[in-house]
Each structure stands twice: as C-alpha cells, then as structure tokens.
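First the proteins, then the strands, lettered A, B, ... as listed; each starts at 1.
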Amino acid sequence: MTSHPLLEQLNQKQRAAVGAPEQHMLVLAGAGSGKTRVLVHRIAWLIQELRLSPYSIMAVTFTNKAAAEMRGRVEELVGSSTRAMWIGTFHGLAHRLLRAHYMDVGLPQNFQILDSDDQQRMLKRIMRSLNLDEKRWSPKQAQWFINAKKDEGLRPHHLDGYDFNERTYKEIYDAYQVACDRSGLVDFAELLLRAHELLRDNRIVREHYQRRFRHLLVDEFQDTNSIQYAWVKLLSGAGSDKEHENFVTIVGDDDQSIYGWRGAKIENIHQFTLDFPKVDTIRLEQNYRSTNTILSAANSVIANNNDRLGKELWTEGGMGEPIDLYAAYNELDEARYIASQVEAWHEQGNALQDVALLYRSNAQSRVLEEALLHARIPYRIYGGLRFFDRQEVKDALAYLRLLSNRDDDAALERVINTPTRGIGARTLEIVRDGARQRGTSLWLAAKQLATEKVLTGRAANAVLAFVDLIQQLEDETNDYSLGRQVDTVIKSSGLMAMYQAEKGEKAETRVENLKELVNACDNFDQLDRVDDEELSPLNGFLAHAALESGEEQADEHQDSVQLMTLHSAKGLEFPLVFMCGVEEGLFPSQQSLDEAGRLAEERRLCYVGMTRAMQKLVISYAEQRRVYGQEKLHSASRFIAEIPAENLHHVRMQSHRNFTTEAPNYGRFNTAASHEAFEESGFQLGQRVRHVKFGEGTVLNYEGSGAQSRIQVNFDDLGSKWLVVAYARLERC
DNA sequence: CGCGTTCCAGTTTTT
DNA sequence: CTGGAACGCG
C-alpha cells in the first residue's frame, strides 16, 4: 500500500488517514498540516482504490471557496468529472435538498433565499406591525435570537416563553416565520433547519439519501453548530436501526475554533467520538508552513487553554528568525513602524502580497491604511461589501425575484418605490394593513386594494402602474436569455435611469455594477452548476446570488499588502505576518473578558493568527490608543506574556527623526518645533523612564517647553501621570 | 418626498 | 470619532 501513487509524498499520519479502510474517522489536523490535501486524497482513494462511485460521496465545507477548491483538486487528482459527487457548503447542499423536495417541506417551487440584510429588513417591518417599543427591541437582536434558535433546531412552539424577553422574541419569531412562509422566503438558518426536518420526518427521503451517501466527509468540523451536526448524523444513519450505516470522516482542529459566538460548537468534535462507533482518531501535527520559532510560540500560547483534545505542532524545518515584538507608544507609531517594516521587506526584493496585516477589529484598519498610503505602499482590504450585497445590485435582484415570485414581500417592499413612482409611506401602510387583514402577500393586497377602490386617485394609479410594470416585464422577457432579461428589467424598471441621474463617483460605480450584473448573468452557466438541475436559469441565478454573495473583487492584480481581521485570515498563510494591536482590552477584546469561555476563544484566535506566518511574525501593541475618539491606555496582551522569551525579540523604538518629519501628515502630533524643544530635555516618546516613587514607565506624551514642560508617563504599576519635567527628576533607563 | 440635522451605537463573519 | 439611521422641515 505504501507504493500507491495516491500515498506518495504524504507523511505517515497523512497516509494512515488517506489509505484507511472504510470506517469513521476523526482527523485532528493542526494548522498547516496538509488538511485539505488529506481530504482530497482520501476522496480520490475512495474512488480509485476502494472503487466507490463518486455518486456515493458527499463532502461538506463551510465556504464556497473551500468547496470550489476541493472539487477542483479532486478532479485534478482523479482525472475525471466529479459531477455525481455532492461537494458543497452546508447551506448549498441543504438548498439542493429543499429544491429537490420543495413539496415535501411545504415550499413553493420558486422559493427565494433571504440574506442577512433582507432578513433584518423583514424583521424591522414585522416588529413595526407588532407595535413594539423600538427603543427596547431592535431588529438586530431579534435576528440574533431567531437565528440562534434555528441553529439549535428550535421553532417558536418549542420556546416556553416563561421569561418576558423570550416571550416577546417568540412572538416576533412566530410572526416572522408566518410572513416568510407566506412569501416563500427562506433565510440561511432556515435552509439548514428545514433540510434537517425533511430528513428527520420523511422516512422515504431520509432513507434514499442514507442509501446513496456511503461516505460523508466534513471539513472544519469545529465550526459546526447543533443543526449541522444533527444533519450529518441523520444522513449517516448513525444510531438508527436501519441496515445502512455510512462512514463519516470529520476533519477539524479544536484549537482553531473561533466561531463559538455564532453558534459553533467545539464540543461537536468530541461528541462525534461518542455518537459514532469505533472512530479512528488521527492527529496531523507535522507542520509544513512555519518556522520552529513560530510553532513553539504558538504551542506555548495555546497550551494555556483547558479542555483541549491535545496536539502539538512540529516541523522538520529550522528555527528561523525570532518573533519581533514592537511596543509602540500609540497606534500611529505602531502603523508607521509596520509601514516602514513592510517597506524594508519590499526593498529586499520581496513581494508585498506575501505580507499580511492582521487585526482584531475592522476599525483598526484605518490608521494602518493611512500609514501605508503615506508610505505609498499599495494594499488591499479583505472583507468589504461583496458584489451581490451592493444596494443597486440588490435592487435589480429584487425585481427579478418579483418576476419569479410575486408573493416575495421582501422584494416588493424593496422596489415598489425604487425608483420613486408615487407610492409613499402612507400608501404602503394601507397595503401592509390590507395584506395583514386578508392574510395575503403584499402584491395581492396591493392589486386588490387598487381595483376595489380602497386606494383611490394617484395612489391607486401608481400601484396599478407598478403591477402592470412587473406583469409586462415578465411577459416581455419570458423567453429572453438571462443576460438580456436582466438588462431589460434594469432599464425598463427605471433603475438604471435612476442611478444614472445621480451624480458623483458613487453613482458611477453603481451604474457600472448594474452593467456588471448583466455580464454576470451572461456568464452564469447553468451547465456548470451541478446543484440545480431542476432550477430555471433565473431561479438558479438568484440562488447563486444569495448563496455566494460574490467573490472578493479580484480586480487588483497589483502586488499589494493584505489587510484583514484575524477571523478572515483563517485558512490562509503568508511569509510575513504582522499581528497588530495585541493589547489587553482589544485582543483579547474587552467583551470577551466579561464572559466565561470567551477568553479561550480569543486565545485560539491568537493561535490562528500566529500560525498564519511562514517565515516571520511581527507582533505589535500600542501603549496608548484612540478608541471611539477617546485616548485609552493599554498594556501588552496577556498572550504576549505566554510566548517563551527566547522566541521573542524586543524591537527598540525607532529613532525620532520620523516623528518630526512625518508628524504633520498624521495631524495628531505636536509641531516639529515643540518636538525639538522636547527632545532637548533629553526624553523621547516611548522611552522607558524611572521615577523615585512611581517606579518604571513609558513616556507617552508631553506638552509645553522649557521650565513648564510637562511629560506624560504610563507607569507600569500606577498607570499614566502628567509630571513637570523640572521637578519629577526622571531617570532614563 | 427629499434634504439637512441630530442622535446613537460601536467585536469577530459566512451562508 | 465615525457612519448610519431617525426625525423634522420646506
């Protein structure tokens, strides 16, 4: 078996996983241990060596990106089409099930998917109609509540409602669900929940899929929530008395579980070993990414967590460089230091795209951007608004949804007066009331109210004109190609004209995006989409838009530094990584310190960040940082103290020249002249000083000059104090 | 109905 | 401090 081509170039553990007999498997795959490789090779092994049909394999991931990569690599390896195989995200596969069995789950054939933004708007309307105190109940919280319940597999009737809060949320959940059902709308959590209920309650359907999928492989299992776990269990047939019991392979890393806050259950990994018989556990601990120094530091940090399944990364590679630690005196200094280091890296002939700047929260990117801009270093930020999430694109999609399904209230609300066509708030109110009383969709109510003369005059005419517009658009574009259909809809609806009439750069991009949408439709190849054989091109495209909100714009081919949150860095790797703002209160975040268990997750996030680095890791923190417009004093994160000293190299504060010359550009430093005067006093910003009574500290700021000049010192034990230089008798140290 | 002003909240993100 | 949303006016 060692000579098999699929096992070549794999280490012993990887081979054990890939070449294992048919069995349940838990692959604990550390960061950079070749996890995807093992998954892909395992699938190839099942097909080529164990002679399984691709038809009997299902592979599940969390992101479309991961799913696409997996399919591509399997095809490359197997050398044939994997069309028969189900590879996709949990949501994608659930969607596929619901499309195939829409009748069994009580959905209309042309049901549509609500994204998170749609869901929130919908809730806002529901809550208005329930006359809830808007100060007290926010759609956001309601959304959070409902999704959390759905993730747990709970319907409104499962909630006891003892507690007043929960009673109200239950009422909202109930009304929301009724509205969704009436409109044929399904939110993300509903996709999973309904697919689960389908499998649970429909024996024929369940057994059909249980017979079909002999092997289930699930990636990133530490990120599964309760309903996803239940879903896998149902499909596997585990614990049931049926004759088919399928084989499940889960791959994951408990140390990289960073989505607990959105319902991921790290315990699912452990639970798996209890719920499934004879699970073979394989640990992949050999790392092919980072230096020994980085791994040793990461191992030390994560060792501070309890209840780990246990794993220690190692590498055959060398120690590499130490981890640089830069203690900035404020966030501007930190950004400037990072920019200068990136510049140095670039000047040594390295690529900018090999550098990542990682931070805990998005707000931190701004100062970094400014510094990069100033240093003329091109950069790219991950995690912006995606294509299908843009306002103008969503407007256009709403028209299309309405063409497909008139009862789609969310879509109708969005475009009935976009562009404005004389249907104001008052008219809409009447229509909403009418719909509520009659228990119908907004579309039907609007039509009836206008013909029945409940609505009169201008309002009635406007409503009827809208109804005609949609009807006529459908008739006209019925047999058009998707691209031409969308083009016509955008133009005839007046959407294009509306955005063209607006001025400014923003409006121009919007027009461009609408044109791009037509392109996207032209390029949308139904044949490529194995999932949705039964879908009309239009519905296929709409589902695609909702489930894959669009690639990050790959437009920038320019070599540029990558900026992203620690969360979005998961799964990526870079030769040079900067972890910025590693301060108590920021990372770990303040909120995580208040709640039990959250600190451990922050530490895992730190572990994820550190293990992104291949050659060199730089950690920085700022003693003083502006947060929400207020200066806050921060100390180094506890995570820094958890790194062995021998792996760290404390970088000395840079020379002062930079501050004085660049200060005006940042706008928040003292003038060059006053700075010079300050330097004559013999102190520098960021310098360590000792006071007879207060102990040691760092110079943060100063004001004035000469005899009156005062200096701000952040003392290690006492915090920050302003001292008059002439009297304080500070010593440099 | 559109525009200007005030007010308020404010981790992490995918589907 | 900032951006988004709500509110009030013409």
Gap between atoms CG and C1', on A:L385 and B:dT14 respectively (whole Å): 14 Å
Given B:dT12, C:dA6, B:dT15, identify the nucleotide with an atom nearest to the side chain of A:H567. B:dT12
Charged N to carboxylate O below 4.0 Å: is that the case for A:R414 and A:D395? yes
Have a look at A:N417 and say if it touches a base, only the backbone sugar-phosphate, or nothing, with a 4.0 Å heavy-atom cut-off. sugar-phosphate
Rounding to an integer number of Å, can you tell me how far A:N147 CG sits from B:dT15 P? 15 Å
I'd like to know whether the aromatic ring centres of A:H634 and A:Y621 sit less than 6.0 Å apart in this structure. no
Go through B:dT15, B:dG2, B:dT12 for me and flag the one nearest to the A:H91 side chain. B:dT15
Does a side-chain N or O of A:N64 approach OP1 or OP2 of B:dT14 to a distance below 4.0 Å, or not? no
If you assign each of A:E601 and A:S116 to its closest nucleotide in DNA chain B, which residue comes earlier from the 5' end? A:E601
Counting the atoms with a prime plus P, OP1 and OP2 as sugar-phosphate, which does A:F90 contact under 4.0 Å by heavy atoms, base, sugar-phosphate, or nothing? nothing
A:R626 side chain: which of B:dT12, B:dT15, C:dC1 is closest? C:dC1
Find the distance A:N225:CG to B:dT15:P and express it as a whole number of Å. 14 Å
Between A:Y499 and A:N513, is any side-chain donor less than 3.5 angstrom from a side-chain acceptor? no
Does a side chain donor of either A:N539 or A:R401 reach within less than 3.5 Å of an acceptor in the other side chain? no
In terms of side-chain heavy atoms, does A:E642 have a donor or acceptor partner in A:N304 at a distance below 3.5 Å? yes
So, OP1 or OP2 of C:dA6: does either fall under 4.0 Å of a side-chain N or O from A:K124? yes
Check every strand shown and say whether A:Q590 touches a base, only sugar-phosphate, or nothing at a heavy-atom separation below 4.0 Å. nothing
Would you say a side-chain N or O of A:R262 is under 4.0 Å from OP1 or OP2 of B:dT14? no
For A:T565 and B:dT13, is the shortest distance between a side-chain N/O and OP1 or OP2 below 4.0 Å? yes
According to the 5.5 Å centroid and 30° plane-angle thresholds, does A:F62 stack upon the nucleobase of B:dT14? no
When the distance from CZ of A:R386 to C1' of B:dT14 is rounded to whole Å, what number comes out? 7 Å
Using a heavy-atom cut-off of under 4.0 Å over every strand shown, decide if A:S589 touches base, sugar-phosphate, or nothing. base
Quick note, A:T420 side chain, CB onward, closest among B:dT14, C:dA6, B:dC1 is B:dC1
I need the CZ-C1' distance between A:R121 and C:dA5, as an integer number of Å. 12 Å
Mind checking if A:D223 touches a base, just sugar-phosphate, or nothing, with heavy atoms under 4.0 Å? nothing
Of all residues at least two apart in sequence or in a different chain, which pass the ring-ring contact (aromatic ring centres under 6.0 Å, His included) check with A:F213? A:W86
Nearest-Å distance, CG (A:D151) to P (B:dT15)? 15 Å
Rounded to whole Å, the CG-C1' distance (A:D115 to B:dT13) equals 13 Å
What contact category does A:A425 fall into here, base, sugar-phosphate, or nothing, at under 4.0 angstrom with non-hydrogen atoms? sugar-phosphate
Below 4.0 Å: OP1/OP2 of B:dT14 and any side-chain N or O of A:T63: no
Which comes earlier along DNA chain B counting from the 5' end, the contact point of A:K140 or that of A:A189, where each point is its nearest nucleotide? A:K140
Close side-chain approach of A:Y229 and A:K265, heavy atoms under 4.5 Å: no
Nearest-angstrom distance from the residue atom CG of A:N362 to P of C:dG4: 13 Å
The nucleotide from C:dC1, B:dT15, C:dT2 with an atom nearest the side chain of A:Y628 is C:dC1
